[in-house]
Amino acid sequence: MAIERTFSIIKPDAVAKNHIGAIYNRFETAGLKIIASKMVHLSQEQAEGFYAEHSERPFFGALVAFMTSGPICVQVLEGENAVLANREIMGATNPAEAARGTIRSDFADSIDENAVHGSDAVASAEREIAYFFSTEELCPRTR
Ligand code: UDP
């Protein structure tokens with residue numbers, strides 16, 4: 001099993017509903033270690049840059065408006081197969097299709113406001129981590 005790092009966001013809807021702790025609990029229960037964490041209120045430019053790959057999609061404007069609508073929590077998770085492990089506990093993009101017991105099934109209301117983001121591959125995780133964190137901000141466990 002490979003030890004990987006992945007990038008995660010608790011989106012404005014879940015922060016507004018006071019689900020930060022409950023979602024952190026899901027990460028830790030799944031064996032993922034939070035090795036960096038902070039709250040951010042994204043600017044328009046930051047949100048557009050983060051979701052640049054979706055800039056031609058019809059929902060892009062609404063996605064940027066949503067992601068700038070309130071504070072978010074950004075974190076780096078580390079663990080065995082962390083990218084896939086986090087995608088599994090997140091559940092499908094559309095909470096109506098997410099497996100029972102997943103974060104999106106339990107905490108999200110719609111495909112637009114779906115509680116969490118998680119990297120979809122190791123390469124995108126590296127890019128997304130670097131978008132929000134300096135190397136000095138990463139705190140791997142020493143005990
Ligand atoms: N999204 C949306 N409407 C859609 C599809 C996606 O608002 O029809 C948003 C949603 O917040 C989603 C994000 O765009 O999480 C990125 O979409 P992607 O397909 O990459 O899903 P994810 O990787 O987040 O599951």
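When a residue number appears, it is its place in the shown sequence, counting from 1. Note that ligands are numbered from 1 as they come in the structure, with each ligand's atoms numbered from 1 the same way. The figures here come from the full heavy-atom set of this structure, side chains too, leaving out hydrogens, waters and symmetry mates.
In summary, the aromatic rings of Y51 and F60 are positioned with their centroids too far apart to meet the 6.0 Å limit.
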Self-check item: From CA spacing to verdict: side chain to side chain donor-acceptor pair (under 3.5 Å), Y131, Q46
Solution: CA-CA 9 Å; Y131 196 83; Q46 285 174 310; over 6 Å; no
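Salt bridge status for E137 with K38: present, with a side-chain N to carboxylate O gap under 4.0 Å.
Interatomic distance, F27 CZ to S37 OG, rounded to the nearest 0.5 Å: 9.5 Å. If you take NZ on K11 and CE on M67, they are separated by 5.5 Å, rounding to the nearest 0.5 Å.
Using a heavy-atom distance under 4.0 Å as the criterion, the protein contacts of ligand 1 are K11, H54, F59, L63, R87, T93, R104, I111, D112, N114.
Listed by first and then second residue, the ring pair (Phe, Tyr, Trp, His ring centres under 6.0 Å) pairs that reach into residues 78-123 are H19-F107, F50-H117, sequence neighbours excluded.
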